[in-house]
Amino acid sequence: MCGITGYIGSRDAYPIVIKGLQRLEYRGYDSAGIMVYDGEKANVFKTKGKVADLEAIVTEANKKGTISIGHTRWATHGVPNDVNSHPHVSNSGNLTIVHNGIIENYDKIKKELVTRGYIFHSDTDSEVLVNLIEEVQKQEKCKLAKAVQLALNDVVGAYAIAVFDINDPKKIIAAKLGSPLAIGIGENNEEFFIASDASPFIEYTKNAIYLEDEELAVIKIGKEVEVRKVHDDSAVNPEVHALDLDLSQIEKEGFDHFMLKEIYEQPKAIKDTYRGRLLPNEGIIRMAGVEEYIERFKSADRIIIIACGTSWHAGLVAEYLFEDIARIPVEVEYASEFRYRNPIITERDVVIAISQSGETADSLAAIKMAKANGAYVFGVCNVVGSSIARESHSGAYTHAGPEIGVASTKAFTTQITLLTLIALKLGKEKGKISNSDFHAYLQNMELIPSKVEKLLEQDAKIKEIAAGFLETPSCLFLGRGYNFPVALEGALKLKEISYIHAEGYPAAEMKHGPIALIEDGYPVIVIAINKGHYDKVVSNIQEIKSRKGKIIAIVTEGDVIVKEMADHVIEIPEVDEALSPLLTTIPLQLLSYHVAVLRGCNVDQPRNLAKSVTVE
Ligand code: F6R
């Protein structure tokens, strides 16, 4: 949560940092702030609200300067207000900090600093950190980098920081533990960019260093970035990565919202996920990350899947896939529960961690715990080089491209694509799937992108259905088998962006409680495709109908039975049950999107949420 960015060089820093903050707003958007150094003074502006609110308060005269740091916040300590916004300035006024993360022992440090005369204006842990650095600087009479290093050794928690000292204005000190931090390197080291991810600087440079945990960087104009370990000050030789991100991937390109763009990107994203892996002509699935550890997979007593939110729903789909196709027992765990409930983990367990961002704090902690207990960890991430990807023994990227809308869409379908490939590969390796079924799946997988394209053509019809949800306070999503997790995901999507209460349920469970909600006109979205337990779902629909509920059904093309009962139907192309979540998900995403837009909600930045949940 929170995004930080900075610039040091010879260009006007303000527009670069503001644009960078806009690109990082997906990480949090409670408040925003900026410091611009004008050659004499460090001018700080900050406000509750979004980056656009910040732009409105920065005076023209204070936009001048070639050094700047900025922050967009998702509040952890202290309510989102002007004072708690970053940057924070030390008591002397010399040091300015932007911080993404949490300092857990800030209260103790704050009390100590108060006894030494420090005054605090905000409720934040970050203001404590900048004053701790100042105090160390004073005590040790050292340069900023040393003071930051010593101070960080005293803190417990997570951080990605950029610190500027008005008395040493040719450099910025950056450091990271837990939260991500990238440094973009300009030509001849004449300028540098600092950011929570590379998106703020991709039009300026393709060369970036991703700091590792406990690393501190001295970023000085005209010099190579000097990286040292925080705990022992030892020198590190950082790897310079070539970025393969381009501007179009992080812009809306004519779509009203990132979420809509990302929904429409799914045919391509799914293809990108299986490209080079799914080889129907050769009759194989190639996945280096699985092949390298194939014996661990084959001899696993069980697979434990850990994830949060939408990724957890993808994990639930994978449970059906792995058990059905590869006959391996699977447990799917919320990372936050798993890490705190003393689970039994053995060396014969394979843990699959699923995370779009690769930075989710609970998932990361769960992986570390599984590794410490001898399990082999396979990471399924979208963000290349992310913490979870690095922490896993092996893994595979989904290659969905940047997902900027806070509500996850293409990340979900590409995670399912990847997990389907793994299930098929393991099913084949373990002899649990016949050759003919395996080949049929390979071929049918290849047809999925064109079927998704076809489904997207129903957008206008789904928008009409969405109009019926304007005044809806609550609704149910039902599905069975492979489509039960899709029902959960449909409900999550609707509630997070439109603020309509929604619950996902296995259709058969409705009788055990939720049916009490059904009354005249109560909307129930039912996934009723012609595979799996179609007849049983039809009975569930009848039960809703007899209580005058309103049915919106996702059916297979050509369906006649459900069509007669439902108020609205959305047809999906014919598909294997195991592959059906890749299609049934699409109309639910579009439905949520249109409902949210019609209700005037901020689709890409729903209230209280952030894209990357780096705090537990
Ligand atoms: C919902 C959503 C969240 C994330 C969850 C896990 O639309 O985006 O529920 O799925 O925060 O995030 P990752 O996948 O980055 O670990």
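Order of appearance sets the numbers: ligands from 1, and atoms from 1 within every ligand. We're numbering straight along the sequence, starting at 1.
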For [atom], the protein heavy atom that lies nearest, with its residue and separation:
atom                    : answer
atom 11 (O) of ligand 1 : V613 CG2, 3.9 Å
atom 3 (C) of ligand 1  : T310 N, 4.0 Å
atom 5 (C) of ligand 1  : C308 O, 3.7 Å
atom 15 (O) of ligand 1 : S357 OG, 2.6 Å
atom 12 (O) of ligand 1 : T360 OG1, 3.5 Å

Next on the checklist: Please report whether the ring centroid of F378 lies less than 6.0 Å from that of Y293.
Outcome noted: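 No - the distance between ring centres of Y293 and F378 does not fall below the 6.0 Å cut-off.
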Item to check | Pair F258 and Y26, ring centroids less than 6.0 Å apart | outcome: no
In ligand 1, which numbered atoms sit nearer than 4.0 Å to a non-hydrogen atom of [X]?
X    : result
A407 : 7 (O)
S355 : 13 (P), 14 (O), 15 (O), 16 (O)
G309 : 9 (O), 10 (O)
K493 : 1 (C), 7 (O)
S311 : 10 (O), 13 (P), 14 (O)

Checklist entry - How long is the span from the CZ atom in F297 to the CE atom in M287, to the nearest 0.5 Å? => result 8.5 Å
Checklist entry - Knowing that exactly one of L591, I465, I554 qualifies, which makes a side-chain contact (heavy atoms from CB on, under 4.5 Å) with H568? => result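 Exactly one option meets the side-chain contact (heavy atoms from CB on, under 4.5 Å) with H568, and it is I465.
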Next on the checklist: So, 4.0 Å and heavy atoms of V406: is ligand 1 close enough to count as a contact?
Outcome noted: yes
Next on the checklist: Quick check on E359 - does any of its heavy atoms sit under 4.0 Å from an atom of ligand 1?
Outcome noted: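 Contact check E359 vs ligand 1: negative.
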Item to check | Test item: I304 and I352 side chains (from C-beta on) under 4.5 Å apart, heavy atoms | outcome: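 No; the side chains remain at least 4.5 Å from each other.
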Next on the checklist: Geometry only, no angles: is Q356 polar-contacting ligand 1 at N/O separations under 3.5 Å?
Outcome noted: yes
Checklist entry - Can you check whether E496 has an N/O within less than 3.5 Å of an N/O in ligand 1? => result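 Checking ligand 1 against E496, an N or O pair does fall under 3.5 Å apart.
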Item to check | Residue from K252, K271, K410 passing salt bridge (charged side-chain N to carboxylate O under 4.0 Å, His left out) with E265 | outcome: K410
Item to check | Neighbour count above 12 (heavy atom, 6.0 Å) for K19 NZ | outcome: yes
Next on the checklist: For a quick test of reading the model, state the closest non-hydrogen atom pair linking V51 to Q22 and the distance between them.
Outcome noted: CG1-CG, 3.9 Å
Checklist entry - Regarding S394 and Y376, is there a side-chain donor-to-acceptor distance under 3.5 Å anywhere? => result yes
